[in-house]
Amino acid sequence: MVAQEESKLRVYNTLTARIEEFRPIKGRRVRMFVCGPTVYDYSHLGHARTYVAFDIVARFLRKLGYSVFYLMNITDIDDKIIKKAQESGTTAQEIADKYTEAFFEDMKTLNITSVNLYAKATDHIDEIIDQVSVLIDKGYAYEANGSVYYEVRKFKDFGKLSGQSLENLIAGARVEVVEEKKNPEDFALWKAKKEGEPFWQSPWGLGRPGWHVEDTAITMTYFGAQYDIHGGARDLIFPHHEAEIAIAEAITGVKPFVKYWMHTGFLNIEGEKMSKSLGNIIRIRDIVKKYDPMAVRFYLAYTHYRKPIDFTTETMDDVVRAYNRIMGAYRLLCEQSEGNKNELAERADNVMHDFMKEMMYDFNTRNAIASIFRLVDDVYKYGEDSTPQAKAKARRVMEEFFDIIGISPIIATHAEIFENIMDILLSIREEARKRRDWETADKIRSELKKIGIIVEDTANGPRWKIGASMRSIAN
RNA sequence: GCCGAGGUGACAGAGAGGCUAUGUGGCGGACUGCAGAUCCGUUUUACGGGAGUUCAAAUCUCCCCCUCGGCACCA
């Protein structure tokens, strides 16, 4: 699908605080970086919100014909990881590996598949050291007791992303006092090794990288001095993204370091921020036990990415009902039928157009979904009386929608559902046997045998297995 | 204090000056062995308050009120 002339893609850019026409730096190629997780714990719904949002962005850009290189870092060395390792008596590496693996599992569960490359901080230590060295050479950074700090005052544009002046920032600061820093606002690029901490060799002695510089080191490795989209949640605007700009633009002199800065709104729980102290953190792996992961994904896409989401079970349940309405319509479209009405075909065309138009305006998934509901209405209204062609057309539109929103309607739990159906069927058969209703019991057994499922009654209850069918022998 | 995002019908949430957003729920009806799904109708002055600009404002301007977030290693 190719972008229509009259509807150009528009994107809200935090840097300019405006919705702008999206034009990549290099033709149809888009380089997009999103701040990944610090792997010291399981990922929660807030992570899911942000990563689903950017997954949709990448999917939609590709749908428009852009070639997207989607890069995400993994912060696998950090204070919190080290702390956790010390508490649990293992190494930082083990903690990082464990939660990196868990993160990938969670991403897979939510069908977040559009990232081309995950880059770990610890795989880019050389590049980080290079950047820190250049910053020292250019006079933006200084070494103190084996640590290296970025001298924020040296970078004149500091604060341009968050719309703050350095003076204002300092006025409200509650920064931890570190003796060796020249100024309280300076941030660590390299941290000297402390007892019991992991470390790497550097020109300033043993130590480990600071947070902000890992992202610039990674993006410059794969993208160079400038790239198209940098994403992350709102809370990263300051100081993290501000610091990234300071590092990158000081090193290369190329401005802007990133053309479009995109930030997702926060996800709160019952009106409160998720936090350890409130004990209201909802992990991805827990929520998907209660709700279909695709419904969770739908829930996250149901609010525009820049708006805050207030998660409550009530709103989640509302959205699940809406989700089921869509899925019911899709099921109807998958059924065979022969009618002669053609309304659905025309509606499908209109909805496809509207859907794309809404997505074009800063990825307005909420409005895009609203347009899908207009198709859903008509599917229920005309579906059964429609021509196979009209149904096929409507089905294609819905599948296009699933594809962009990232919902896979064929749920990966078919095996699980199958097991449950067998349980139900066999329990009905057991009840029949207790009633000595042998006719029903035998019918169930013989019908199942016809489709290759063999039921055996044992002293411990019924068992079943899938036997070799005649067909598979023939093959 | 500074910066930012918001305040829209019972609830959730889109609104790019003029065009019933949408979803969920409630109520009434159709269909139905029951339940569910679906359909039809209904919930017919929704835009935090006040000024202003305009033929026309939820949308633009100004003032005020309220909520939430960020303010130095949080997605």
Side-chain angles (χ1 to χ4, degrees), chain A residues 7 10 14 17 19 34-38 40-41 43-54 72 75 78-80 103 150 152 158-159 161-165 167-176 178 181 183-188 191 209-214 231-240 242-243 263-268 271-276 298-299 302-304 306-310 312 314-326 328-329 331-332 354 357-358 360-362 364-374 376-377 379-381 383-384:
Chain A
S7 50
R10 279 159 218 282
T14 308
I19 289 181
V34 173
C35 286
T38 300
Y40 71 101
D41 208 338
S43 299
H44 54 62
L45 255 191
H47 296 106
R49 200 274 159 99
T50 295
Y51 300 132
V52 164
F54 287 108
M72 184 180 285
T75 303
D78 151 280
D79 290 354
K80 286 203 264 311
F103 173 71
Y150 190 104
V152 172
F158 197 82
L161 186 65
S162 53
Q164 294 270 66
S165 68
E167 290 68 41
N168 287 337
L169 288 166
I170 293 165
R174 43 184 193 214
V175 58
E176 187 190 354
V178 179
K181 282 192 200 173
N183 312 291
E185 69 273 14
D186 296 349
F187 59 85
K191 293 180 170 187
W211 179 36
H212 313 303
V213 70
E214 81 175 58
R234 294 209 67 76
D235 58 332
L236 296 180
I237 295 174
F238 189 88
H240 184 50
E242 208 72 76
H263 293 98
T264 51
F266 244 61
L267 182 139
N268 297 314
E272 284 175 315
K273 190 175 168 175
M274 255 193 270
S275 72
K276 283 238 161 85
F298 182 75
Y299 175 84
Y302 202 58
T303 302
H304 182 76
R306 279 191 281 122
K307 293 281 176 84
I309 296 179
D310 187 23
T312 65
E314 287 78 17
T315 58
M316 182 72 213
D317 289 344
D318 278 1
V319 174
V320 166
R321 283 186 280 264
Y323 175 80
N324 286 341
R325 185 171 158 80
I326 292 176
R331 259 194 59 77
L332 212 66
D354 288 351
K357 199 178 110 206
E358 297 298 350
M360 288 288 205
Y361 198 78
D362 197 28
N364 196 331
T365 49
R366 178 67 189 221
N367 267 358
I369 290 168
S371 68
I372 286 300
F373 275 108
R374 288 193 277 277
V376 166
D377 282 348
V379 169
Y380 284 121
K381 212 177 280 181
E384 293 189 334

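The sequence lines fix the lettering, A, B, ..., with proteins before strands; numbering per chain opens at 1.
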Rounded distance (Å) that lies between atom P of B:G69 and atom CD of A:Gln164: 17 Å
Determine which nucleotide pairs with B:C68, using a 3.5 Å limit on both distances of a Watson-Crick or G-U wobble pair. B:G4
Here the distance between atom P of B:G25 and atom CG of A:Asp317, to the nearest Å, is 11 Å
Please verify the inter-ring angle class for A:His47 with A:Tyr51; under 30° counts as parallel, over 60° as perpendicular, anything in between as tilted. parallel
Over all atoms of both residues, closest heavy-atom pair of A:Met274 and A:Leu267: CE-CD2, 3.5 Å
Rounding to an integer number of angstrom, what distance separates B:U44 and B:A10 when you compare their C1' atoms? 15 Å
Is the A:Phe158-A:Tyr150 ring centre distance short of 6.0 angstrom? no
Given atom OH of A:Tyr380 and atom P of B:C40, what is their separation to the nearest angstrom? 13 Å
Span that lies between the P atom of B:G1 and that of B:C60, in whole angstrom: 25 Å
Per atom distances to the A:Ala233 side chain, the nearest of B:A21, B:A75, B:C74 is B:A75
So, is A:Asn324 close to the B:A37 phosphate, meaning a side-chain N or O under 4.0 Å from OP1 or OP2? no
Which residue in the set A:His212, A:Lys181, A:Glu242 passes side chain to side chain contact (heavy atoms under 4.5 Å, CB included) when paired with A:Phe187? A:His212
Under the criterion of centre distance below 5.5 Å and interplanar angle below 30°, is A:Tyr361 classified as stacked on the base of B:A16? yes
Suppose we call a contact any N or O donor and acceptor under 3.5 Å apart; does that hold for the side chain of A:Lys273 and the base of B:C74? yes
Between B:C39, B:C73, B:A5, which nucleotide has the shortest distance from any of its atoms to the side chain of A:Asp377? B:C39
